[in-house]
Each structure stands twice: as C-alpha cells, then as structure tokens.
Amino acid sequence: MIERTATEHSTALDKGEYTSQELVKSYLDRAKKCASLEMFNDLDESRIIEAAKASDKRRKTGNVLSALDGIPVAIKDNICDVDEKTTCSSNFLKDYRSPYDATVIEKLKAAGAILYGRTNLDEFAMGSSTENSAFRTTRNPFDPERVPGGSSGGSAASVGSLSAPLALGSDTGGSIRQPASFCGIVGMKPTYGKVSRYGLVAFASSLDQIGPMALSVQDAALLLSTIEGKDGRDSTSHPFADKHPTSPKVKPMAGKELKGKKVGVLFPDSKSEGFDQSVLKACTDMRNWLEKQGCEVVEVESKLWQYVIPIYYILATAEASSNLSRFDGIRYGTRSQQSNLQDLYVRSRTEGFGPEVKRRILLGTFVLSSGYFDAYYNSAQKARRMVRAEYLQFFKNLDFIVQPTSPTTAFKIGERAENPIAMYQSDLMTISVNLGGVPALSLPLGTDGDGLPVGMQITAPHFEEDKLFSFSAAVEKDFSLDRSAMVSRSY
Ligand code: GLN
C-alpha cells in the first residue's frame, strides 16, 4: 500500500479498497520500521487514527470533503497547528503551542487531510542538512550515514522512506527542493505569493514559501492546489494565486506540446568545480531527452551566478535577525529565570538559540548596522532586483529553465557541519529561484553509483505552475525512480 501515490490512495479510498484507518496504520507501521531515521519531532498516533476514523465516517455517509480526505500529510515543524507543538526544532520553542492554525493547516483540515506528525528541520529552517536541529539528526533513507538535505529534511525523508505519502516543507533558499533531490522525491517551491505564509514561523519573509513534497508530480500539484490562494492575513500573498489556480489534475505534456518548447539549460560543464560526476551525467541525460522530444535547447548564461550566494546570505540573515528579535523570552517560548530584564533577554536568547541561528543573527545584525547598511543590505537588495530582472529577461524567450538541484548527491553526516561556507555552497542552484520569486520543482533524475538519487530542477515563469507541472510530468514519465527496493528496507 505504501508504495502508492496519494492520488492512487484517493482512488482506492473512493472505491472502498481500503479505509483511511487502514491506510494510516500502514504508514504508522512503516514509520516505526524507519524510526532510526529520526524524521519526526512528534507523531501522535492516537490523534492520527481518530482523524482517520472521522474521515471514514464521512466517506460512509457520502460527505467526502476533497481528494485528500483521509490521506496523511506530514507537516514541517515550523508551520503552526493549534493541536500540536510548533517547535521549529529549537530549544527556544520546545514546548511552544500556537494559539492559531496556519492558513495551509486550516485548508488541509477543511479538506479532510490527516495531519500526520511534525517533521524535523534545521533550527528555524536555517541549514541544508537538518543537522542544525536542536533535537535530532534525520538520516537519509537511501543511506542512513548521509544527510537527508535541509532544512525540510524530516519531511523529505518521511516521504522518501515511504513513511508518509505527502508532506509540507518551507523553502527560503532551497529547503524543499534540495532535500527532495537528496531523498529521491518531488519537491516544489511555488511562486512567491502563491501560498499564504500566515502561520509559517518567519525566517526571511521576502523569500519564504510553503510548498508540497510528494512521490509524484501529480501528487505535488494536488497538494499545492489544496493549500494555495490569496489570503488577507498575509499581505504578500498575491491576487494571482486565485486568478490562476493550480489544476489538481496534471496532464503531462506530450508530442506536439513538447516539440519546439524552448528550454534554457544552466548546466555545469566538465570544468565546473564541485559537481559530482553523477550530476554531470544527469545533465547529459536531460539534454538528450530534451533533444529527443524536439525541444529547442538554449544554453543560458547567468551573469549574476557567482553573486547569488552572497546576495542571499545578506538578505536572508538581515531578515532573520529582525524576525527573530521577537524571541525575547517574554512573548514566546523558553524564559530564562533572571532577576533583571536585560539579563532575561540575553540569557533566554543565549540558552534558547543554537549556534547556526546565532551566526545568522550576528551576520544579519551586522549587515543592517549603521555604516554597513548601504554597503551590504542595500547593495544586496539592488542585486536581488537584478536577479529578478534576469529571470524576466530569460523568460521573454524561454518556456523553462533546467539545471541540477544540487551540485552533489547527499553528503555524509558531519562532513560539512564544521564548515558553514561549504554548507552554504550546497544552495548554489536553488537560491536564485527564491531571489527571483519564480516557481521551481525538483524531481529525481537517476541515481549515482551508490544508488543515491540525483535531482533535476525545472523553473518556470511567475505563476506558470500548471505548465511547470505538465512539463515536469513528461520528464518524470521517462525517469521515474524505482522504489520497489525501498519498501523492504528497514532501519
Ligand atoms: N539552506 C538555506 C539556508 O540555510 C536555505 C534554507 C531554507 O530554504 N529554509 O538558509
């Protein structure tokens, strides 16, 4: 059962092949077999089974709420749900309960989806390996010695290990796509403004988006269509989110539709440093595939390529330092017992935040400080507009841009933990997408010699999610990952 996609489960539930209770039980069993992968901060079995019971009842009386009714969706632990703790994998929030639901959670509840566990992440979504979690190190289902990617590593590993059919992640600089690529699944970052950020604990608000993680492109579209939409409670959510709703049913492009599509490729060449052989090979396979479909392959060159990591790490840290100032020991989370207010602030923050979060706050405070604001923050804002302008320019005569999701496959746990610069390099291919605000999807494109999945990233113009899904589904047809071996693995 667990090998099936959410869309297949939906049909099976409709036909009465099995009940939602049977479905969630098989995923809970699977999650137990995969317990040592450390994917969940919390997985409340009885609540999940209760929710499945309620769904089965609705189905019996003909009151099915949506195609997702009765289907489990794992939730990254930085998205607020009143019924659960929202910890952001931080000691600061280890017992925090949100007084309200995030808009995406409201929508999933209204759709009858089963909210299935809280997945581990890098503390406050800052990282690329999930090693920055204050609670646990999540492991990659393809090789438990390796990281699942990050920051949505728990979500990616839960879907990749077949412990959940769907998950939500959040993506500020690649946190959905890079772990999706490391765990052999589909991960999608919507256009900025497509999905409400209300109830997503803010990291860098001008870049953050919530998005779907799934076993198939079809499932990702189904989940996105459920959570998207303009929301008055998020001033950056965009009216286009309603005007161009994502179709829950994907029609893979074929034949004439594919022929003549102009596809820009941003592929490394053999001289590019830091790229795995397997990633270069995936690029060759992708190029051959595009040519075979009759697509027009256009070499793209980004003039801003070498600047995107510095631009991102200035803007994201600046916004983080400002967003995280609300964690003062008074309003949220852990409070250090101190006799005066100043010490209370300082000690609460010192004890509550982990080292990477502190590094980001320091960097962000520095680039915003007087005397440096113009040189760093303002320059980075200007450069970011240039990245966006470059995308608009590219998409004047391109339908899609294709590039690897990450320069490498999943790396070993501990390998980059001591070297933040090497860690930040993992984000090279994903960051510009957030800076540009465009939608992008990562899907598996083969494996390396060790059986680790390689991910390919496809980017489309703003609000062209439907086309992105249709095109990606065509690619997926010819490259889908064989998961049969995964079912019998336990950890
Ligand atoms: N790895 C990037 C960072 O650490 C992106 C994180 C994210 O997308 N949340 O900032």
Side-chain angles (χ1 to χ4, degrees), residues 38 76 78 88-90 120-140 143 145-157 169-183 187 189 203-204 207-208 268 272-276 279 305-321 324 353-364 366-367 380 403-435 442 452 454-455 457:
E38 299 280 356
K76 187 174 181 180
N78 62 349
C88 296
S89 290
S90 175
N120 192 29
L121 62 148
D122 286 298
E123 186 176 358
F124 286 103
M126 297 174 189
S128 310
S129 68
T130 315
E131 290 166 291
N132 296 336
S133 163
F135 307 145
R136 50 183 47 79
T137 299
T138 302
R139 294 167 178 275
N140 189 308
D143 176 356
E145 299 296 303
R146 291 174 189 270
V147 302
S151 63
S152 313
S155 286
S170 67
D171 191 314
T172 306
S175 276
I176 290 175
R177 291 158 287 151
Q178 183 255 23
S181 118
F182 282 12
C183 292
K189 185 205 81 79
F203 162 13
L207 302 163
D208 301 338
S272 311
E273 276 173 36
F275 285 84
D276 282 357
V279 174
W305 178 255
Q306 71 260 44
Y307 304 114
V308 296
I309 289 183
I311 298 171
Y312 171 84
Y313 277 95
I314 291 171
L315 296 178
T317 57
E319 292 188 32
S321 76
L324 268 59
F353 291 137
E356 181 62 27
V357 175
K358 285 179 184 151
R359 181 171 11 245
R360 305 274 175 123
I361 293 173
L362 283 172
L363 274 169
F366 173 73
V367 299
Q403 67 196 120
T405 309
S406 164
T408 68
T409 53
F411 45 89
K412 287 246 164 75
I413 292 172
E415 191 181 301
R416 299 189 191 169
E418 299 307 320
N419 185 346
I421 300 292
M423 191 70 91
Y424 298 171
Q425 294 289 340
S426 332
D427 306 329
L428 180 65
M429 330 289 288
T430 48
I431 271 173
S432 55
V433 164
N434 300 75
L435 294 172
S442 174
L452 299 172
V454 178
Q457 174 175 255

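All values below come from the heavy atoms of this structure, side chains included, with hydrogens, waters and symmetry mates left out. Predicted model only: the values in this text are computed from it and were never measured.
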Sequence neighbours excluded, every pair satisfying salt bridge (charged side-chain N to carboxylate O under 4.0 Å, His left out) that has a member inside residues 417-432: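 Listed by first then second residue: nothing to list.
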
**Asked** Does anything in residues 123-140 pair up under salt bridge (charged side-chain N to carboxylate O under 4.0 Å, His left out), and if so which pairs, sequence neighbours excluded?
**Response**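 Listed once each, the pairs are Glu38-Arg136.
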
What distance do [X] atom [atom1] and [Y] atom [atom2] have between them, rounded to the nearest 0.5 Å?
| X | Y | atom1 | atom2 | result |
| --- | --- | --- | --- | --- |
| Gln403 | Ser432 | CD | OG | 5.5 Å |
| Thr405 | Gln178 | OG1 | CD | 9.0 Å |
| Leu207 | Ile431 | CG | CD1 | 9.0 Å |
| Leu428 | Ile309 | CG | CD1 | 4.5 Å |
| Glu356 | Ser133 | CD | OG | 13.0 Å |

Taking all atoms of both residues into account, what is the closest heavy-atom pair of [X] and [Y], and its distance?
| X | Y | value |
| --- | --- | --- |
| Ala125 | Phe203 | O-CE2, 3.4 Å |
| Thr317 | Arg360 | CB-O, 3.5 Å |
| Ala380 | Ile314 | CB-CG2, 3.7 Å |
| Asn132 | Asp122 | N-OD1, 2.9 Å |
| Phe182 | Pro148 | CB-O, 3.5 Å |
| Phe124 | Ser90 | CE1-OG, 3.4 Å |

ask   = Does Pro179 have any side chain to side chain contact (heavy atoms under 4.5 Å, CB included) partners at least two apart in sequence or in another chain, and if so, which?
value =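 In terms of side chain to side chain contact (heavy atoms under 4.5 Å, CB included), with neighbours along the sequence ignored, Pro179 is linked to Ser152, Ala156, Met213.
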
Inset, instruction - Mind checking ring-ring contact (aromatic ring centres under 6.0 Å, His included) for Tyr313 and listing every partner two or more places apart, or none if nothing turns up? - result: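 Partners of Tyr313 by the ring-ring contact (aromatic ring centres under 6.0 Å, His included) criterion, ordered by chain and then number, come out as Tyr424.
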
query = Taking only residues two or more places apart in sequence, or in another chain, which ones meet Phe366 in a ring-ring contact (aromatic ring centres under 6.0 Å, His included)?
reply =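 With sequence neighbours excluded, Phe366 shows a ring-ring contact (aromatic ring centres under 6.0 Å, His included) to Tyr372, Tyr376, given in chain and number order.
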
Task: Side-chain touch Met126/Leu324, heavy atoms, less than 4.5 angstrom - done: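 When only atoms from C-beta onward are counted, Leu324 and Met126 do touch, with a gap below 4.5 Å.
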
Do Asn78 and Leu121 come within less than 4.5 Å of each other through their side chains, counting heavy atoms only?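 In contact.
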
Any side-chain donor paired with an acceptor under 3.5 Å for [X] and [Y]?
| X | Y | value |
| --- | --- | --- |
| Ser170 | Lys76 | yes |
| Arg416 | Ser426 | yes |
| Thr130 | Asn120 | no |
| Ser151 | Ser175 | yes |

Under 3.5 Å: donor-acceptor pair, side chain of Ser129, backbone of Val147: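 A pair under 3.5 Å: no.
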
Within 6.0 Å of OH in Tyr307, more than 12 heavy atoms from elsewhere |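 Counting neighbours around OH of Tyr307, 12 or fewer heavy atoms of other residues, nucleotides or ligands fall under 6.0 Å, so no.
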
Return all side-chain donor-acceptor pairs below 3.5 angstrom for residues 407-414, not counting sequence neighbours, or 'none' if the list is empty.
from: Thr409; atom 1: OG1; to: Asp276; atom 2: OD2; distance (Å): 3.4
from: Thr409; atom 1: OG1; to: Asp448; atom 2: OD2; distance (Å): 3.2

| said: Assess the residue pair Asp208 and Asp171 against the criterion (side chain to side chain contact (heavy atoms under 4.5 Å, CB included)); give the C-alpha distance rounded to whole Å, side-chain angles, the decisive distance to 0.1 Å, and a yes or no. | reply: CA-CA 6 Å; Asp208 301 338; Asp171 191 314; over 6 Å; no

- Run the numbers on Val433 and Gln457 for side chain to side chain contact (heavy atoms under 4.5 Å, CB included), then give the verdict. CA-CA 10 Å; Val433 164; Gln457 174 175 255; 4.0 Å; yes

Please walk me through it: do Leu435 and Val308 pass side chain to side chain contact (heavy atoms under 4.5 Å, CB included)? CA-CA 8 Å; Leu435 294 172; Val308 296; 4.1 Å; yes

